[in-house]
Peer 1: 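What follows is a single structure, and I will ask about it in a moment.
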Number of protein chains: 2
Amino acid sequence: MKQLTEHYLEDFAVGQTFGSGRFRIDGQRARAFAAEFDPQPFHLDETAARHSIFSIFGEMTASGWHTAAVTMRLLVETELKPAGGLVGAGLDECRWPRPVRPGDELRVECEVIEVRPSKSRPAQGLIKLRTTTLNQDDEAVLMYLVNMVVQRRKNIRQE
Amino acid sequence: MKQLTEHYLEDFAVGQTFGSGRFRIDGQRARAFAAEFDPQPFHLDETAARHSIFSIFGEMTASGWHTAAVTMRLLVETELKPAGGLVGAGLDECRWPRPVRPGDELRVECEVIEVRPSKSRPAQGLIKLRTTTLNQDDEAVLMYLVNMVVQRRKNIRQE
């Protein structure tokens with residue numbers, strides 16, 4: 001059964017914004033993520049972080065990929081809810097302007113900046129979102145543009 | 001103590017390539033990652049995946065963010081080894097051209113496509129890498145361009 005809250009291409013318009021709830025970065029979980037996927041001293045250990053030649057670290061920071069994964073979690077929980085799910089076709093201009101530390105509380109804001117039907121697949125379209133992940137001080141910690149594949153409503157009715 | 005294998009900006013040149021070992025995608029781990037960070041039915045459940053309106057799925061696929069995280073793990077283990085660690089300044093043109101399924105064996109190939117000193121930070125430079133994650137059939141499953149911050153050798157000697 002389709003959920004009433006699902007959105008089709010025709011439901012999206014340039015300028016719409018969607019915000020998420022908040023997600024607190026747990027230090028132990030951030031270390032476990034880094035141990036599995038980004039095993040570098042400044043993501044694993046306070047002392048190593050303090051001695052990093054990159055002054056942006058200073059104390060332990062979460063892997064940028066942990067921030068990206070948490071951002072996906074927050075996006076899934078927003079009211080974006082494209083029919084069939086959030087399926088990214090690609091990212092551009094992805095930047096991590098500030099580090100994320102244990103205890104930070106992240107949230108996501110995104111804005112629809114483009115809506116277009118697919119030329120090759122008439123049942124689908126693409127929306128482009130500018131996605132910004134912010135910490136508790138409203139500082140951006142991750143930004144990217146993402147193209148998401150969205151179903152067209154017309155096609156669904158023909159099924 | 002600095003490891004002898006660490007590379008500084010002056011050690012990198014356009015055209016150099018680096019390859020990784022292999023990493024097998026475990027189905028249970030892929031589901032756990034999705035449950036934590038990308039809880040959508042086609043990443044969690046075979047039956048839901050078969051009924052997805054996105055024909056690319058068909059069977060359960062790993063989250064694209066899991067693929068990205070595994071790619072980071074593989075990059076850390078290559079011979080790239082920039083002094084001070086792998087620190088990405090940003091990604092561009094990130095695409096997931098094919099899904100990743102449990103049992104797939106991934107590896108990474110990357111090529112240096114740009115090497116340049118930083119204008120604002122004389123102790124640092126940037127290298128741009130074209131990074132491709134391939135499955136066991138040598139099909140690309142993730143591609144991106146990444147700018148990495150790399151220390152300059154001269155500065156280290158002044159310390």
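Chain identifiers are assigned alphabetically (A, B, ...) following the order of the sequence lines, protein sequences preceding nucleic acid strands; residue numbering begins at 1 within each chain. Just the heavy atoms: all of them, side chains too, but no hydrogens, waters or symmetry mates, feed the values below.
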Peer 1: Determine the interplanar angle of the A:F37 and B:F33 rings, folded into 0 to 90°, and report it as parallel if under 30°, tilted if 30 to 60°, perpendicular if over 60°.
Peer 2: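 Judged by the thresholds at 30° and 60°, the geometry between A:F37 and B:F33 is perpendicular.
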Peer 1: Can you tell me how far the SG atom of A:C94 sits from the CG atom of B:N147, to the nearest 0.5 Å?
Peer 2: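 A:C94 atom SG to B:N147 atom CG measures 11.5 Å (nearest 0.5 Å).
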Peer 1: Which bit of B:A89 is near chain A, if near means a heavy-atom gap under 4.5 Å: side chain, backbone, both or neither?
Peer 2: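 The backbone, not the side chain.
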Peer 1: Report the distance from atom CG of A:L75 to atom CG of B:D38, rounding to the nearest 0.5 Å.
Peer 2: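 Those atoms lie 9.5 Å apart.
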Peer 1: Strictly distance-based, threshold 3.5 Å: is any side-chain N or O of B:Q40 a donor or acceptor partner for the main-chain N or O of A:V76?
Peer 2: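 No; judged by distance alone, with no hydrogens or angles, the pair does not exist.
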Peer 1: Give, for atom CE of B:M72 and atom NE2 of A:H43, the distance between the pair rounded to the nearest 0.5 Å.
Peer 2: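 Spacing of CE (B:M72) from NE2 (A:H43) equals 6.5 Å.
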Peer 1: Between B:A68, B:P39, B:P97, which shows the greatest number of heavy-atom pairs under 4.5 Å with chain A?
Peer 2: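 Among B:A68, B:P39, B:P97, the one with the most close pairs to chain A is B:P39.
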Peer 1: Are any side-chain N or O atoms of B:D92 and backbone N or O atoms of A:E93, one a donor and one an acceptor, separated by less than 3.5 Å?
Peer 2: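 Such a contact is found between B:D92 side chain and A:E93 backbone.
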Peer 1: Between B:E36 and chain A, which part of the residue has a heavy atom less than 4.5 Å away: side chain, backbone, both or neither?
Peer 2: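 Answer is both: backbone and side chain atoms of B:E36 are under 4.5 Å from chain A.
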Peer 1: CG of A:L91 to CZ of B:R95: how many Å apart, nearest 0.5 Å?
Peer 2: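 Result: 8.0 Å between the selected atoms.
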Peer 1: Within a reach of under 6.0 Å around CZ of A:R130, are more than 12 heavy atoms found that belong to other residues, nucleotides or ligands?
Peer 2: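 Open.
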Peer 1: In Å, rounded to the nearest 0.5 Å, how long is the span from CH2 of A:W65 to CZ of B:R73?
Peer 2: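 Separation between the atoms: 15.5 Å.
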Peer 1: Out of curiosity, does B:V115 fall in the hydrophobic cluster containing B:V146 (side-chain heavy atoms, cut-off under 4.5 Å, transitive links)?
Peer 2: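 Yes: a chain of side-chain contacts under 4.5 Å links B:V146 to B:V115.
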Peer 1: Please report the closest heavy-atom contact between B:F42 and A:V87, naming both atoms and the distance.
Peer 2: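 Answer, listing the atom of B:F42 first, then A:V87: CZ-CG2, 3.9 Å.
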